[in-house]
There are 2 protein chains.
Amino acid sequence: MSDKRETPLSTPSLQEHHCTVDLRLEKLGMVPFFQDLPEEQLREVNKKCTANHYSKGETIYRQGDSATMLRVVVAGNVKLAAHTLEGESVLLDMLQPGDFFGNPTARGRDVYSETAETQTSACILSIRLSDFREVMNRYPSVAMAVLDITTDRLNESRQRIQHLSTLPVTKRIAHILVTLGNKFGEKDSRGLLIQLPLSRKDLADMAGTSPATASRIMSQFQNDNLITSGRQWVAINNKAELLRISAK
Amino acid sequence: MSDKRETPLSTPSLQEHHCTVDLRLEKLGMVPFFQDLPEEQLREVNKKCTANHYSKGETIYRQGDSATMLRVVVAGNVKLAAHTLEGESVLLDMLQPGDFFGNPTARGRDVYSETAETQTSACILSIRLSDFREVMNRYPSVAMAVLDITTDRLNESRQRIQHLSTLPVTKRIAHILVTLGNKFGEKDSRGLLIQLPLSRKDLADMAGTSPATASRIMSQFQNDNLITSGRQWVAINNKAELLRISAK
DNA sequence: GTACTAAATTGATCCAGCTCATTTTAGTGC
DNA sequence: GCACTAAAATGAGCTGGATCAATTTAGTAC
């Protein structure tokens, strides 16, 4: 198994295009809630956006910062995390190109309730809240699409509350692996590879457990041939069985 | 303290007006996202609504039912809960007059992911999803108000995830009491009375713990004179201290 | 006031998962 | 290939909170 001797994760090479206008426009059109916008309007929205490039591990904003921007992932991955005073962290969401984050809410004096950090190098579009509000006002379909996504996220979030309250750690982790597989998985010689740097600590922060426990459970899954994993990467070999574990 | 010998909770007497058209219209105007609608439009929306009266403990819809309605609490209280196959339940939200529930999302084939049940006798307005979508399309301010509320709920929900993952039960319950006090509290001879039937089981389902543990913690709070409580009711005597406990 | 019932309290025991500490190993860079 | 480093694995011991079961009590109905 000498092929396990290097990260199977592909690193997005952003240097080349570095968020060109064309790429921005193309990606903007891919964002679910801009899809219905006519080409012309899209260009106008694009003009109001700023593109920023971040390298891996950079902080985009911190919880407590005043929330004046709505952001969209153009390329790369972003994770949203909340930190307690004691230094513990909770991983709230992992984002893909096309996902928005920040606060789409009107209330002016709002602050972010989470910290956004890149997990890979990434290109991020920012649009001022007031500008975005204007777009939503002019195109109700945009507002409704944002509402739909937010509602989905609320439901996911409530499901997670349910899991934290009722399921033992093993089931929670099995469920998380399946979910990540569905969202970030790519078929590969190793199985369904989760295209995302993913440490035991990340997993623990998602499952509400300790890194040690997450590690023990992953070891067990590995013994049972359900997954293959190395440092910061995981591939799923038997999704059906993981699903079964998470449910029963 | 002979006055503790009966529920201090006031029961909404709905029989009298029984959701008259006037009451409906008045309440509809109080709903945050209809506030901006011109009187005339409000009447039109009202025509598309159906009012239903429920007595205490009735189920409005069950998780898994197909989600074709958006609902608004006119009077009384509603709780949203999710149930596991093993019969455990998680309390997701407690609603007040003016709050909406159900699914504001477009996707036709959706089902409710939670069960809605009245906690007191209640009057509920229902509007078909397609009709509500139409209103949002015509009045973007409505869509944006719904989005704002949903975003707030998402943030609350994420905070709860954080608490479940990082705080011990005592702090979680202290926090829940403060929150409920802020939302449902009414000044009273006993202190800040939470105007809501609230059992130890409800509290446990909110905090992600067992009724026994919830009870032990409530006993301790009672010993420390932070709260006064009987069956299904709680009054807060020292909110500041509870807040301190929940934070530190 | 008395009887009744479901809620709440409380005790005793147990274990899933945490903590802390040590060892091993995957992946990188030379 | 070799050296280096941070991630992961793993062992040992401890504990917060669960579970189960018995007892008490608040509130209601008569």
Side-chain angles (χ1 to χ4, degrees), chain A residues 1-11 56-57 84 86-88 90 119 163-174 190 196-224 227-235, chain B residues 1-11 56-57 84 86-90 119 163-174 190 196-223 227-235:
Chain A
M1 278 266 192
S2 64
D3 62 338
K4 269 176 66 182
R5 298 239 120 226
E6 64 188 80
T7 324
L9 300 180
S10 59
T11 17
K56 181 175 174 169
T84 64
E86 282 80 28
E88 293 164 291
V90 176
Q119 268 187 302
H163 287 180
L164 283 169
S165 310
T166 62
L167 300 183
V169 184
T170 306
K171 292 184 185 185
R172 301 204 306 258
I173 292 193
R190 282 166 200 78
L196 204 64
L198 186 71
S199 67
R200 296 295 182 260
K201 170 103 174 41
D202 289 331
L203 225 32
D205 287 348
M206 272 187 274
T209 186
S210 65
T213 298
S215 177
R216 276 182 245 271
I217 289 167
M218 293 294 276
S219 296
Q220 197 205 305
F221 285 166
Q222 198 138 212
N223 277 343
D224 299 347
I227 59 170
T228 313
S229 104
R231 299 192 164 204
Q232 316 243 47
W233 65 267
V234 182
Chain B
M1 276 270 190
S2 62
D3 62 338
K4 270 174 66 181
R5 297 240 121 226
E6 62 188 81
T7 323
L9 299 181
S10 59
T11 18
K56 181 175 172 171
T84 63
E86 280 81 29
E88 292 164 293
S89 50
V90 177
Q119 268 187 301
H163 287 179
L164 282 169
S165 311
T166 61
L167 300 183
V169 185
T170 306
K171 293 185 184 185
R172 300 204 306 256
I173 291 193
R190 283 167 200 78
L196 205 64
L198 187 71
S199 66
R200 296 296 181 261
K201 168 102 175 37
D202 289 332
L203 225 32
D205 287 348
M206 272 187 275
T209 186
S210 66
T213 298
S215 177
R216 276 181 246 271
I217 288 167
M218 293 295 276
S219 296
Q220 196 204 305
F221 285 167
Q222 198 137 214
N223 277 343
I227 60 169
T228 313
S229 101
R231 293 188 171 207
Q232 316 243 47
W233 65 268
V234 182

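All values below come from the heavy atoms of this structure, side chains included, with hydrogens, waters and symmetry mates left out. Here is how names work: the chains are called A, B, and so on, in the same order as the sequence lines, proteins then strands, and each is numbered from 1.
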Legend entry - Rounded distance (nearest 0.5 Å) linking atom CD1 of B/Ile227 with atom CZ of B/Arg190: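 Answer for the CD1-CZ pair, B/Ile227 versus B/Arg190, is 13.5 Å.
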Legend entry - Spacing of B/Leu164 atom CG and A/His163 atom NE2 [to the nearest 0.5 Å]: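 Going from CG on B/Leu164 over to NE2 on A/His163, the span is 13.0 Å.
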Can you check the [X] [atom1] to [N] [atom2] distance for me, whole Å?
| X | N | atom1 | atom2 | value |
| --- | --- | --- | --- | --- |
| B/Phe221 | C/dT10 | CZ | P | 15 Å |
| A/Asp205 | C/dG17 | CG | P | 17 Å |
| A/Lys171 | C/dA16 | NZ | P | 13 Å |
| B/Ile217 | C/dT9 | CD1 | C1' | 14 Å |
| A/Ile173 | C/dG17 | CD1 | C1' | 11 Å |

Inset, instruction - Any chance you could list the contact pattern along nucleotides 6-19 of chain D? Use B for base contacts, S for sugar-phosphate-only contacts and - for none, protein heavy atoms under 4.0 Å, 5' to 3'. - result: BBSBBBB----SSB
Inset, instruction - Taking side chain to side chain donor-acceptor pair (under 3.5 Å) as the test, write out the residues that go with A/Thr170, two or more places apart. - result: none
Legend entry - With B/Ser199 via side chain to side chain contact (heavy atoms under 4.5 Å, CB included) - residues at least two apart: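 Counting only residues at least two positions away or on another chain, B/Ser199 forms a side chain to side chain contact (heavy atoms under 4.5 Å, CB included) with B/Lys201, B/Asp202, B/Gln232.
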Inset, instruction - I would like to know whether B/Glu86 and A/Thr166 meet side-chain contact (heavy atoms from CB on, under 4.5 Å); could you show each step before the answer? - result: CA-CA 9 Å; B/Glu86 280 81 29; A/Thr166 62; over 6 Å; no
Inset, instruction - Identify the residue among B/Ser229, B/Ser219, B/Ser210 that makes a side chain to side chain donor-acceptor pair (under 3.5 Å) with B/Arg200. - result: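 Between B/Arg200 and the candidates, side chain to side chain donor-acceptor pair (under 3.5 Å) is satisfied uniquely by B/Ser229.
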